[in-house]
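Presented below is the structure to which this report refers.
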Amino acid sequence: MAGIDIEGLATVYPNGVRAVDGLDLHVADGEFFALLGPSGCGKTTLLRTIAGLEPATEGTVRIDAADVTRTEPGKRGVAMVFQDYALFPHMNVSENITYPLKVRRVAMATRTATAERTAGELSLQGLLERKPAQLSGGQQQRVALARAIASQGKVLLLDEPLSNLDARLRLEARTFLKKLQRDLGITTVFVTHDQAEALALADRIAVMESGKLRQLGSPREVFARPANTFVANFIGSTPMNLLPGTVAAATGEVGAVSVAGGSLPATTVSVPADAEVTVGIRPEYLTVASGDVTGPALRGVVVVAENLGTQSLVTVDCDGTLVGVTVPEETEPSPGTAVVLTAPASRVLLYDRDSGELLARQPTPVAS
Ligand code: ATP
């Protein structure tokens, strides 16, 4: 088992693109770590640079404390699973799984035993004689994982491991992968552009934009307290409301911030009065008030409600600004209804209007 240390890492392609642009990261021993970001942010390049498939232009990569920055891929102790699985079509499952061992000239009997054991761990028993074309997408994905695990690398690198699976299989494979990683305890870095997948699987997530790190934290931290409006926009299955606002009172710990349609309570300590801010509030943390409200609140008129299954996303027009709020199923107010929205101050985030960085500092709210 091994940790990964990345210091001042930059990967510049020959055409001048700085795909990874000065990154510092520590992945702990045994951690399940996600590289998350929109297409083109450099996450695949970062993974490939850790693997040694792209040369680092600047900085260092250490695996298990050894500097591997200039070490060839085969000698870094990494096992990688590619997005398209890269299985050998002419080899059967058993041969595919044990190919890395064959390259290392491991004895046949050991290879056969490894194939059987790994196939068992990945629920591939009975498929060892089949060729990849005779397998489902989920089975092919597990063969690719089995091959990586059988190679006994110190770290496992996964490039969009679930993206080729259909929605249902993807959920099953996600659960399977999480359990497998727990059981093996192998340090794992995986790339995904799917925020829900990163939140569900990872111990920690690095959110990237344009080759740079925008936030590093646990799924709870990046969901509940995005460090900037980029992360706020990117994380969450319903988009966070980001509303222009002005700090109305900065007298005590909890003040208020005025936004179109009214105001919201907010922790305004360290934020000057009258500061122009962007107010972040997740639809899940807003509530449609049922009785009279005396404190800060937003007033508006329901425009539309969208069914999300056990919840509905209700869009409310607050003085021309659209605000999303989720409500439990079958409680959606109908379009045209006047509503009052409230939120706890601990869930209202204030961002610098210009830089988009989080302003108010407070601990991550604990799960309720
Ligand atoms: P995706 O999710 O679409 O795969 P990504 O976040 O993994 O995106 P990368 O594939 O790492 O992003 O690409 C980062 C940047 O580097 C992009 O601007 C891309 O166009 C560029 N890039 C990637 N590969 C090369 C290459 N071989 N030569 C030049 N530029 C490249």
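Below, all heavy atoms of this structure are taken into account, side chains as well, without hydrogens, waters or symmetry copies. Order of listing sets the numbers, starting from 1, for every ligand and every atom in it.
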(request) For Pro14 and ligand 1, answer yes if some heavy atom of the residue is under 4.0 Å from a ligand atom, otherwise no. (result) no

(request) Answer yes or no for Gly37: is there a heavy-atom contact with ligand 1 below 4.0 Å? (result) no

Among all the protein's non-hydrogen atoms, which is closest to [atom], and how far away is it?
atom                    : answer
atom 23 (C) of ligand 1 : Tyr13 CE1, 3.4 Å
atom 29 (C) of ligand 1 : Asn15 ND2, 3.2 Å
atom 3 (O) of ligand 1  : Ser39 OG, 2.6 Å
atom 9 (P) of ligand 1  : Thr45 OG1, 3.5 Å
atom 10 (O) of ligand 1 : Thr44 CB, 3.9 Å
atom 12 (O) of ligand 1 : Gly42 N, 3.2 Å

(message) One thing to verify: whether Arg204 and Glu221 come together as a salt bridge, which I'm taking to mean a side-chain N less than 4.0 angstrom from a carboxylate O.
(response) no

(message) Are Arg214 and Glu357 packed together at the side-chain level, in the sense that at least one heavy-atom pair is separated by less than 4.5 angstrom?
(response) yes

(message) Is any side-chain heavy atom of Met208 closer than 4.5 Å to one of Leu46?
(response) yes

Just distances here: any N/O of [X] and N/O of ligand 1 closer than 3.5 Å?
X     : result
Gly40 : yes
Ala19 : no
Lys43 : yes

(request) Heavy atoms only: give me the nearest Ala144-Tyr85 pair and the separation to one decimal. (result) CB-CB, 3.8 Å

Only distances under 3.5 Å count here; give the side-chain donor-acceptor pairs of residues 104-112 to other protein atoms, sequence neighbours excluded, each with its distance to 0.1 Å.
| residue | atom | partner | partner atom | Å |
| --- | --- | --- | --- | --- |
| Arg104 | NH1 | Ser151 | O | 3.3 |
| Arg104 | NH2 | Ser151 | O | 3.1 |
| Arg111 | NH1 | Val106 | O | 3.0 |
| Thr112 | OG1 | Met108 | O | 2.9 |

(request) Is it possible for you to check whether Arg48 lies under 6.0 Å from the centre of the six-membered ring of Phe82, through NZ or CZ, and within 45° of that ring's axis? (result) no

(message) Does Arg142 qualify as a cation-pi partner of Phe176, given the criterion of NZ or CZ under 6.0 Å from the six-membered ring centre and within 45 degrees of its axis?
(response) yes

(request) Return a yes/no value: protein heavy atom under 4.0 Å from atom 20 (O) of ligand 1? (result) no

(request) Could you list the atoms of ligand 1 found under 4.0 angstrom from a heavy atom of Pro38? (result) 6 (O)

(request) Go through the side-chain N and O atoms of Ser94 and Asn92 and say whether any donor and acceptor fall under 3.5 Å apart. (result) no

(message) Suppose we screen for side chain to side chain contact (heavy atoms under 4.5 Å, CB included). Which residues come up paired with Pro335, at least two apart in sequence or across chains?
(response) none

(request) Please work out whether any backbone atom (N, CA, C, O) or any side-chain heavy atom from C-beta onward of Val17 is under 4.0 Å from ligand 1, and answer side chain, backbone, both or neither. (result) side chain

